[in-house]
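Quick notes on the structure that follows.
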There are 2 protein chains.
Amino acid sequence: MLELRHLRTLIALRDAGSLVEAAERVHLTQSALSHQLKDLEERLGSPLFERKTRPVTFTRAGQRLVELAEQVLPQVRMAERDLARLAGNEQGRLHMAIECHSCFQWLMPTMDHFRDHWPEVEVDIPGGHHFEPLDALPREQLDLVITADPQPLPGVHYEPLFRYQGLLAVSRHHPLAGQPFVSPASLAEETLITYPVEHARLDVFTQFLDPAGVTPREVRTAELTIMMMQLVASGRGVCALPNWALTEYLERDYVKAVALGEHGVWSTLFAAIREETRETPWMVDFLRTARETSFAVLEGIKPA
Amino acid sequence: MLELRHLRTLIALRDAGSLVEAAERVHLTQSALSHQLKDLEERLGSPLFERKTRPVTFTRAGQRLVELAEQVLPQVRMAERDLARLAGNEQGRLHMAIECHSCFQWLMPTMDHFRDHWPEVEVDIPGGHHFEPLDALPREQLDLVITADPQPLPGVHYEPLFRYQGLLAVSRHHPLAGQPFVSPASLAEETLITYPVEHARLDVFTQFLDPAGVTPREVRTAELTIMMMQLVASGRGVCALPNWALTEYLERDYVKAVALGEHGVWSTLFAAIREETRETPWMVDFLRTARETSFAVLEGIKPA
DNA sequence: GCATTGTCTTGAGAATCGTTCATGCTAATG
DNA sequence: CATTAGCATGAACGATTCTCAAGACAATGC
């Protein structure tokens, strides 16, 4: 008997293009999906997709099911949202802070979407703080902090949102531009541009340069991504940024990107929340919306 | 995680009004449903329906889910139909005969519905046979026979459709009219009206009178249900018919009905088909449509 | 030409989940 | 106050559905 599980799998498969990544998205093993889809195909009596192509291509039957899934799953999600609201019809507050400078890109659509569905929850990003955002969490001055480096704090829970890769942006004429990846040593003579935050909060250092004992020739800071890009494009330095923060500049061929090391530097972005708020319907829904929006808006990220 | 199974259960529950009967409809036990619904309610954090009323009443959350189910399940069924057609795009023939005289009531809507979805399958009820319908099945002169008494024949499979209760229709002024049920003996002095078919094919005899060794004073036949009703209403006899064949006359208070014996006489209606045609997509779909239509159109029947 | 990598398949075992069965509880009915 | 019908519950079972480990296959690189 057809179940929603199958439809969710098919959507993941279409979005991902391969069983391996689809499995990640639905939080199952690749093998599980293989079995699941094989079962389904046997029961239906016809194959659903062509496995030998990349991305996979759906047969007519597969297309029909994907179509069904696209009809049905949004309806299911809407119902679930309504139910969550019916279950806990409590007032809520969701004040948040962002430690990650380039998060507005997906956070804004998330907030818009969320506001539509939870009018009774007050969503805001209060400005002008003088304190550490994470410390404001247990003090109930904030309810959610987006951060890439979780620090153990009593009563604070870190909910992984997605994983992203740190890339090195270099000018199009830079000698490193053609390489598949760079070694830490090759940054020893470069000017590295970073956001003006502590050294310890920059993955380039903690995960890449520090372990190799390398220090760039010079480090300078810039507040905004666009400023960094201008500096990089004009050859006045290189800078490390999340892959998704770079996509628009890469598409316009403004700068080039190379991986940090052979395997790349991967980080996880977290939503830090108070333990008590972890199970509230609106928090559950916000996190889900956040994840969905990120995957829809950002390219090259992976499930946590 | 919400699954279609849950939605199917809820629809069954709404249609049935009680867990016990809902369980029958989805071919599960009452306990299974109790567990399933309890789980669901726990995960959603709110009850879905009030169990202490008859029929059960849904909470707001329950209503919302029923609404979802009504949106989604028809879409799923349509998709399944399309898939079945995509899987086996073979031509088919579906010629049938009805042994059960009052089956047109649900068979006609079933055929209409089926024709819309399977234009390539030729559906017909050929008339003017001189042979036994069941014998025509293996000879491929017919493809499906609706019957209430399955006889073992090589290559013939009997697919149960639904169970119904045989009731005794009596005039409104008949002494038996007030009783909850009648004993076989009380028919000894009655005129029994039947369809003009063999004695052995009438449940009143095989399941009720014969075992008790009772013979009615007189047996006369009538071709059509409406004629029988006229005879019964005017006090010229009593007749045994399926409950659903009587509902329209009962509603108009034209005749009264009483059960045959303390526990009633229950029969099962079957679709007799050839083994080879049993798995073909259109046969599977026809049987499903037949069952769905029967339950929608007829009252007082139960799943086989 | 042969290792390497990434992807999908397969089969067996394991875990999980749902179902069954037996029983107990509650409310309505006579 | 017995009786019946409907629902809940818990233990044991059973069947899906997953994970794990191994293998096939194709594309890619040395």
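Naming: A, B, ... by sequence-line order, numbering from 1 per chain. Remember, predicted model here, so these are calculated numbers, not experimental data. Basis for what follows: all heavy atoms, side chains included, without hydrogens, waters or symmetry-related copies.
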Rounded to whole angstrom units, what separation is found between the CG atom of A:Leu48 and the P atom of C:dT9? 12 Å
Expressed in angstrom and rounded to an integer, what is the separation of B:Leu37 atom CG from D:dC7 atom C1'? 11 Å
Between B:Arg51 and D:dA8, is there a contact of a side-chain N or O with OP1 or OP2 at under 4.0 Å? yes
When every nucleotide of nucleotides 14-30 of chain C is labelled 5' to 3' by its protein contacts under 4.0 Å (heavy atoms), B for base, S for sugar-phosphate only, - for none, what sequence of letters results? ----SSBB---------
Over how many whole Å does the gap from A:Glu42 atom CD to D:dT16 atom P extend? 13 Å
Looking only at heavy atoms, the pair that brings B:Leu161 and B:Trp106 closest together is CD1-CH2, 3.8 Å
Have a look at B:Thr9 and tell me which of B:Arg14, B:Arg25, B:Gln36 forms a side chain to side chain donor-acceptor pair (under 3.5 Å) with it. B:Gln36
In whole angstrom, give the distance that lies between atom CE of B:Met1 and atom C1' of D:dT17. 16 Å
Nearest-Å distance for atom pair NZ/C1', residues A:Lys38 and D:dT19: 16 Å
Could you state the atom-to-atom distance from CD of B:Glu21 to C1' of D:dC7 in whole Å? 15 Å
Whole angstroms only, please: what is the CG-P distance between A:Leu19 and D:dT19? 14 Å
Under 6.0 Å from the six-membered ring centre of A:Phe49 and within 45° of its axis: does the NZ or CZ of A:Arg51 meet both? yes
May I ask you to check if A:Arg288 and A:Phe286 form a cation-pi contact, with NZ or CZ under 6.0 angstrom from the six-membered ring centre and within 45° of the axis? no
For A:Arg8 and A:Glu3: C-alpha separation, side-chain torsions, deciding distance, then whether salt bridge (Lys or Arg N to Asp or Glu O under 4.0 Å) applies. CA-CA 9 Å; A:Arg8 300 191 237 260; A:Glu3 285 295 348; over 6 Å; no
Over all strands shown, is B:Ser34 touching base, sugar-phosphate only, or nothing at heavy-atom distances under 4.0 angstrom? base
Taking atom types as modelled and ignoring hydrogens, do the side chains of B:Ser46 and B:Glu41 form a donor-acceptor contact shorter than 3.5 angstrom? no
